[in-house]
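First comes the structure, then the notes that go with it.
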Amino acid sequence: MSATPLYAALVGNPNCGKTALFNRLTGSHQKVANYAGVTVERKEGRFQTPSARPVRLLDLPGTYSLAATSPDENVTREICLGLHRSESVPELLICVVDATNLRLHLRFALEVRQLGRPMVIVVNMMDEAARRGLSIDLPGLSAALGVPVIPCISVQRGGTAALLKCLDAPPLTPPAGPPNAADLHAEVRGLLARYVQTSPTARVLLADRLDRAFLHPVIGPAILLVVLFVMFQTVFSWAQPVMDLMQDGMTGFGGLVGHGLPQGVLRSLIVDAIIAGAGTVAVYLPQILILFLWILALEESGYLPRAAFLLDRIMASAGLSGRSFIPLLSSFACAIPGIMATRTIQNPRDRLVTILIAPLMTCSARLPVYTLLIGAFVPHRRVLGLFNLQGLVLFGLYAFAIVSGLILARVMTRGVTAEEHPLLMELPLYRRPVLRNLALGLWQRATMFLSRVGTIIVTLNVLLWALSSFPGPPPGATGAAIDYSLAGRIGHWMMPLFAPIGFNWQICVSLIPGLAAREVAVSALATVYALGASDDDAAARLTPLLSAHWSLATALSLLAWYVFAPQCLSTLAVIRRETGSLKIAFGTAAYLFALAYAASLLTYQVARLLGGA
Ligand SMILES: Nc1nc2c(ncn2[C@@H]2O[C@H](COP(=O)(O)OP(=O)(O)OP(=O)(O)O)[C@@H](O)[C@H]2O)c(=O)[nH]1
Ligand SMILES: [Mg+2]
């Protein structure tokens with residue numbers, strides 16, 4: 001077989017399973033989810049067919065048409081039409097269509113066929129089609145279109161056998177056959193009538209019934225609220241036992257290592273900076289995983305686009321469209337993929353506003369900070385015998401961030417004449433999340449989080465430890481050593497600016513490494529307090545320490561700060577890249593800092609007035 005790889009690209013409508021197929025063929029782990037617009041940039045992979053023919057495969061963003069214009073779809077258009085800067089036209093276009101949605105997807109396949117290039121049509125989700133009582137005459141379709149039409153189940157092992165066999169069978173010829181009809185819709189209707197038979201099954205009826213509830217103007221939002229509410233309750237209640245165990249383990253480990261080392265700088269470095277630094281953040285792993293379990297399950301189930309549909313009215317009142325919903329929702333995991341997902345938004349102004357408010361959506365890196373403060377200041381108690389008060393406060397923080405984001409969007413879009421924003425959004429099939437996918441997704445999250453802890457967080461913490469330990473106190477000094485250190489001094493210098501919002505110098509110090517990565521603030525506080533304390537396990541007892549040393553007003557003020565402050569350099573870097581403007585990135589940082597300061601000031605002063613000092 002030839003040594004130069006066959007250069008092929010996956011094209012098709014959004015959500016037809018291109019990335020699932022790409023992952024299956026190339027063994028990659030690119031993100032797959034049950035809504036349109038998951039892939040927003042081209043990805044490349046390689047594999048070999050059974051007869052050892054090498055293939056270079058591109059996974060492209062889904063697009064409804066080769067005339068589409070949103071930034072993600074444009075990549076696909078350019079590559080297919082040979083307009084792309086760095087990629088030539090693929091030798092083979094693998095056009096993936098969803099067997100359960102041929103009416104829409106075949107239209108695109110016909111459009112691709114008009115390019116007159118070698119192609120195959122992969123009819124994916126044949127398992128789902130069978131469950132829905134669809135039978136498709138693939139050979140008939142193939143004969144009518146003059147291109148190979150191949151069945152496929154991307155999510156099953158062996159589900160791509162027919163495609164692999166086809167790739168092994170050269171030569172590639174451009175489609176021949178009847179001249180292209182001018183009206184693709186009419187052509188699709190004709191093909192469906194001739195080659196597809198349907199007999200609705202119980203599954204179809206169930207999906208209809210679910211839609212009637214989920215999309216109902218009153219019941220729908222109620223369900224959405226309950227889902228979100230339960231999500232935050234479980235983040236607290238399910239995670240707690242595991243976190244307690246991890247916390248004990250960490251304390252025990254730190255103590256063990258501490259006893260084995262002589263008192264001095266090395267011991268302080270290992271116990272206070274590395275173990276306490278990594279440990280205090282690592283214990284939040286269970287909470288983060290529970291949050292992601294929910295997000296992944298919701299993504300796979302097909303519920304998200306329905307929520308987007310429900311919220312279209314609310315989004316419109318903020319001057320945005322339902323299109324912004326999924327990028328904003330992705331930002332709850334992390335603002336970076338959220339900001340990248342805005343490439344699916346066609347209207348440049350909507351896209352920019354969505355980018356600007358994405359950092360407000362509560363990313364998972366805020367969770368450790370929120371949990372720490374809630375754990376220290378909100379009593380662990382049931383409300384109405386049912387809800388966990390801590391979960392309730394967490395839910396409130398998320399809700400506050402969302403409402404603030406929408407208000408800001410409204411402010412940013414004011415003065416713009418209200419445009420009609422018809423929301424065209426596909427409602428995908430409901431799908432029971434595959435356990436293996438969930439496990440894989442969680443595993444990826446866990447390794448990502450722990451490697452972040454092991455690298456950036458430990459590094460920043462060691463840096464902070466060094467700043468907090470040197471220079472040492474002058475001989476004969478009373479007071480804690482940290483007061484004389486560089487960090488202690490910086491903290492005190494910052495005080496005049498931050499005293500009005502209730503921050504003490506320890507918080508000021510922890511804000512500095514927290515600028516690079518939010519979670520570091522937690523370990524930084526642990527380190528600063530451990531170094532300032534006389535006993536050894538101060539870091540492990542951070543929660544009671546905070547509740548003893550801080551006023552409620554200070555804690556609330558810091559929470560308000562964390563809702564708004566742009567404490568993540570990577571987010572600003574992505575904003576710069578996606579907007580191509582350094583000015584916008586700096587502007588975002590400036591407006592978020594200003595907001596954070598104002599919100600903290602207001603929170604602190606009001607809380608003090610109400611007696612929380
Ligand atoms: N039942 C079933 N589900 C599938 C199959 N292929 C993909 N899926 C699911 O379909 C959904 C969409 O898959 P993706 O691979 O993300 O779709 P995509 O075409 O890459 O979508 P975009 O990146 O948005 O263009 C996911 O929930 C997959 O798990 C299949 O053959 N059978
Ligand atoms: Mg994809």
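Hydrogens, waters and symmetry mates are skipped; everything else that's a heavy atom, side chains included, is used. We count ligands from 1, going down the list as the structure has it; atoms in each ligand are counted the same way. The structure presented is a predicted model; accordingly, all values stated were derived computationally and were not measured.
The protein atom (non-hydrogen) at minimum distance from atom 20 (O) of ligand 1 is Thr19 OG1, 2.7 Å. In this structure, atom 21 (O) of ligand 1 lies nearest to the protein heavy atom Asn15 N, 2.9 Å. Counting protein heavy atoms only, atom 28 (C) of ligand 1 is closest to Val32 CG1, 3.4 Å. Of all protein heavy atoms, the one closest to atom 29 (O) of ligand 1 is Glu300 OE1, 3.2 Å. Of the protein's heavy atoms, Asp127 OD1, 2.9 Å lies nearest to atom 32 (N) of ligand 1.
Asp350 places no side-chain N or O within donor-acceptor distance of the main-chain N or O of Leu320, the cut-off being under 3.5 Å. In terms of modelled atom types and a separation under 3.5 Å, the side chain of Ser237 and the main chain of Gln233 share a donor-acceptor contact. Within the 3.5 Å criterion, the main-chain N or O of Leu145 finds a donor-acceptor partner in the side chain of Arg113.
For the pair Arg366 and Phe332, the cation-pi criterion (under 6.0 Å, within 45° of the ring axis) is not fulfilled. A cation-pi arrangement is absent between Arg306 and Phe214 under the rule of less than 6.0 angstrom and at most 45 degrees off the ring axis.
Nearest heavy-atom pair across Ile314 and Ser317 is O-OG, 2.5 Å.
Residue Lys31 places no N or O, backbone or side chain, under 3.5 Å from any N or O of ligand 1. For ligand 1, the polar-atom distance check finds an N/O of Val38 within less than 3.5 Å of one of the ligand's N/O atoms.
Thr39 lies close to the Mg ion (ligand 2), since one of its N, O or S atoms is found at a distance under 2.8 Å. In summary, an N, O or S atom of Thr19 is located under 2.8 Å from the Mg ion (ligand 2).
Among Leu429, Val434, Thr39, the residue whose heavy atom lies closest to atom 23 (O) of ligand 1 is Thr39. Among Gly37, Gly62, Ala130, Ala99, the residue whose heavy atom sits closest to atom 24 (O) of ligand 1 is Gly37. Summarising the contacts of atom 16 (O) of ligand 1 with Gly12, Gly159, Ala33, the nearest heavy atom is found in Ala33. When the options Arg431, Lys18, Glu73 are ranked by their closest heavy atom to atom 11 (C) of ligand 1, first place goes to Arg431.
Using a 4.0 Å cut-off between a side-chain N of Lys or Arg and a carboxylate O of Asp or Glu, Arg343 and Glu73 do not qualify as a salt bridge.
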**OP:** Let me see the working for Glu128 and Arg432 under salt bridge (Lys or Arg N to Asp or Glu O under 4.0 Å), right down to the final yes or no.
**Re:** CA-CA 11 Å; Glu128 201 60 60; Arg432 191 175 312 142; over 6 Å; no
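With a heavy-atom cut-off of 4.0 Å, Ala36 touches ligand 1 through its backbone alone.
Within 6.0 Å of the CD atom in Glu44, the count of heavy atoms belonging to other residues, nucleotides or ligands exceeds 12.
Ligand 1 does not have Phe22 within reach: every non-hydrogen atom of the residue lies 4.0 Å or more from it.
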